[in-house]
Amino acid sequence: MPKVSREFSAYFACSAAALGVDYATYWTVARNTAASLEWAAVIGYGVGMVVAYALLIRFVFPQGWLRSRRKLEATLFALTGLLGLLLTYVSVALVVSLLGEHLHTAKIVAAGVSFTGVFVVRKLVVFRSEALNHNAP
């Protein structure tokens, strides 16, 4: 299996675990507080992002170009998380505006959109390989 496929599969597995935490947080906040679905999604995403980072640096990208500079790596990871938060918020808002407050549909759409967009940015920027870093101009 090519390296990118292995990484994508491992990224998917770690992200699925983080999504479980994200979804549980989202559902709990949405059902037990006065927060809107959009804000419940943002809170869940933030909690899931912390879990995702811990899993990804351990199991998927332990040899990224910033492995010796974890603070910078975590900062870039968090910044790409802002992209994910934006995609999550906009996706949930779009589903709510089109279909109404469908708790599960909104989150499933947001998870797919966010996962795809953020994986690409993290793979190319945050966790790019050391070899790519040496070949850069």
Measure the [atom1]-[atom2] distance between [X] and [Y] for me, rounded to the nearest 0.5 Å.
X: Leu98; Y: Thr105; atom1: CG; atom2: OG1; value: 11.5 Å
X: Arg67; Y: Leu72; atom1: CZ; atom2: CG; value: 14.0 Å
X: Ile43; Y: Glu38; atom1: CD1; atom2: CD; value: 11.5 Å
X: Leu79; Y: Thr75; atom1: CG; atom2: OG1; value: 7.0 Å
X: Arg122; Y: Arg128; atom1: CZ; atom2: CZ; value: 15.5 Å
X: Leu103; Y: Arg31; atom1: CG; atom2: CZ; value: 5.0 Å

* **Polar side-chain atom of Ser114 near backbone of Ala111 as donor-acceptor pair, under 3.5 Å** => no

* Flag, side chain of Thr80 to backbone of Phe77, donor-acceptor distance under 3.5 Å -> yes

* side chain to side chain contact (heavy atoms under 4.5 Å, CB included) between Leu86 and Leu82, intermediate numbers included -> CA-CA 6 Å; Leu86 177 63; Leu82 293 176; over 6 Å; no

* Stepwise side chain to side chain contact (heavy atoms under 4.5 Å, CB included) check, Val42 with Tyr45 -> CA-CA 5 Å; Val42 168; Tyr45 188 91; 5.6 Å; no

* Asked: When clusters are formed by joining ILVMFWY residues with side-chain heavy atoms under 4.5 Å apart, either directly or through shared neighbours, do Tyr26 and Met49 land in the same one?
  -> no

* Asked: What about Leu19 and Leu56, same hydrophobic cluster or not, with Ile/Leu/Val/Met/Phe/Trp/Tyr joined at side-chain heavy-atom distances under 4.5 Å?
  -> no

* Asked: Is Glu7 salt-bridged to Lys123, cutoff N-O under 4.0 Å?
  -> yes

* **Pairs where residues 107-126 contributes a residue and the test ring pair (Phe, Tyr, Trp, His ring centres under 6.0 Å) is met, not counting sequence neighbours** => Phe8-Phe115, Phe8-Phe119, Tyr11-Phe115, Tyr11-Phe119, Phe12-Phe115

* List in chain and number order the residues that pass salt bridge (Lys or Arg N to Asp or Glu O under 4.0 Å) with Arg69, two or more places apart in sequence or in another chain; answer none if no residue qualifies. => none

* What about Trp65 and Phe127, are their ring centers closer than 6.0 Å? -> no

* Flag side-chain contact, heavy atom, 4.5 Å: Leu83 against Val121 -> yes

* Could you verify whether a donor N or O on one side chain and an acceptor N or O on the other, from Tyr23 and His104, lie under 3.5 Å apart? => yes

* Asked: Which atoms form the tightest heavy-atom contact between Gly48 and Asp22, and what is the distance?
  -> CA-CB, 4.1 Å

* Asked: Do Lys107 and Trp27 pass the side chain to side chain contact (heavy atoms under 4.5 Å, CB included) test, and can you show the C-alpha distance, the side-chain angles, and the key distance before you say yes or no?
  -> CA-CA 9 Å; Lys107 186 59 179 176; Trp27 187 84; over 6 Å; no

